[in-house]
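Step one of this worksheet: look at the structure below.
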Amino acid sequence: MLFQGKPVEGSEIVALDPEGNETTLKTDAQGRVTFAPKPGLHSIRAKWTLAKSGKEGDKEYPQLNHYSTLALRVPAAK
């Protein structure tokens, strides 16, 4: 995972396999995770949290959460 063009270590990655099983992983120093996907449709969500508070309108927030999602179909081996 990259954030602002740089690798993010420790980002949470949640992968949902075709059977609905979740696997939670953390990115390494290069912003990467490795897993062996089964054939079928997968959903992957990445989350990166910054400890940066702020305010929007009348609402204050203690941190910034950045999310990215990806759906991909892994073909069966031939």
Side-chain angles (χ1 to χ4, degrees):
M1 175 176 174
L2 298 177
F3 183 73
Q4 297 180 339
K6 296 181 183 174
V8 175
E9 183 174 9
S11 177
E12 178 184 272
I13 307 295
V14 177
L16 186 66
D17 72 16
E19 287 82 36
N21 301 309
E22 271 190 14
T23 302
T24 301
L25 307 159
K26 295 285 185 181
T27 55
D28 65 14
Q30 288 78 40
R32 298 179 183 161
V33 294
T34 302
F35 64 102
K38 302 173 186 177
L41 185 62
H42 292 260
S43 175
I44 300 170
R45 181 184 74 235
K47 176 183 176 187
W48 178 239
T49 301
L50 293 174
K52 182 177 180 181
S53 63
K55 185 176 182 180
E56 184 169 336
D58 293 339
K59 292 188 176 185
E60 292 187 22
Y61 53 87
Q63 63 189 23
L64 294 174
N65 295 318
H66 297 274
Y67 293 93
S68 180
T69 58
L70 170 70
L72 69 124
R73 186 170 304 279
V74 175
K78 292 183 180 185

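When a residue number appears, it is its place in the shown sequence, counting from 1.
Taking CZ from R73 and CG from L41, the interatomic distance works out to 5.0 Å, rounded to the nearest 0.5 Å. We find the CD1-CD1 distance between I44 and I13 to be 8.0 Å, quoted to the nearest 0.5 Å. Rounding to the nearest 0.5 Å gives a distance of 13.0 Å between NZ of K47 and OG1 of T27.
Through ILVMFWY side-chain contacts below 4.5 Å, L2 is grouped with nothing and stands alone.
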Practice problem: Could you walk me through whether E12 and R45 pass side chain to side chain contact (heavy atoms under 4.5 Å, CB included), step by step? | Solution: CA-CA 8 Å; E12 178 184 272; R45 181 184 74 235; 4.1 Å; yes
Donor-acceptor contacts under 3.5 Å from residues 28-39 side chains, at least two apart:
unit_1 : atom_1 : unit_2 : atom_2 : d
D28    : OD1    : Q30    : N      : 2.9
D28    : OD1    : G31    : N      : 3.1
D28    : OD1    : R32    : N      : 2.9
K38    : NZ     : E19    : OE1    : 3.2

Throw together a table of side-chain donor-acceptor distances under 3.5 angstrom for residues 51-72, partners on residues two or more places apart or in other chains.
unit_1 : atom_1 : unit_2 : atom_2 : d
Q63    : NE2    : N65    : OD1    : 3.3
N65    : OD1    : T49    : OG1    : 3.0

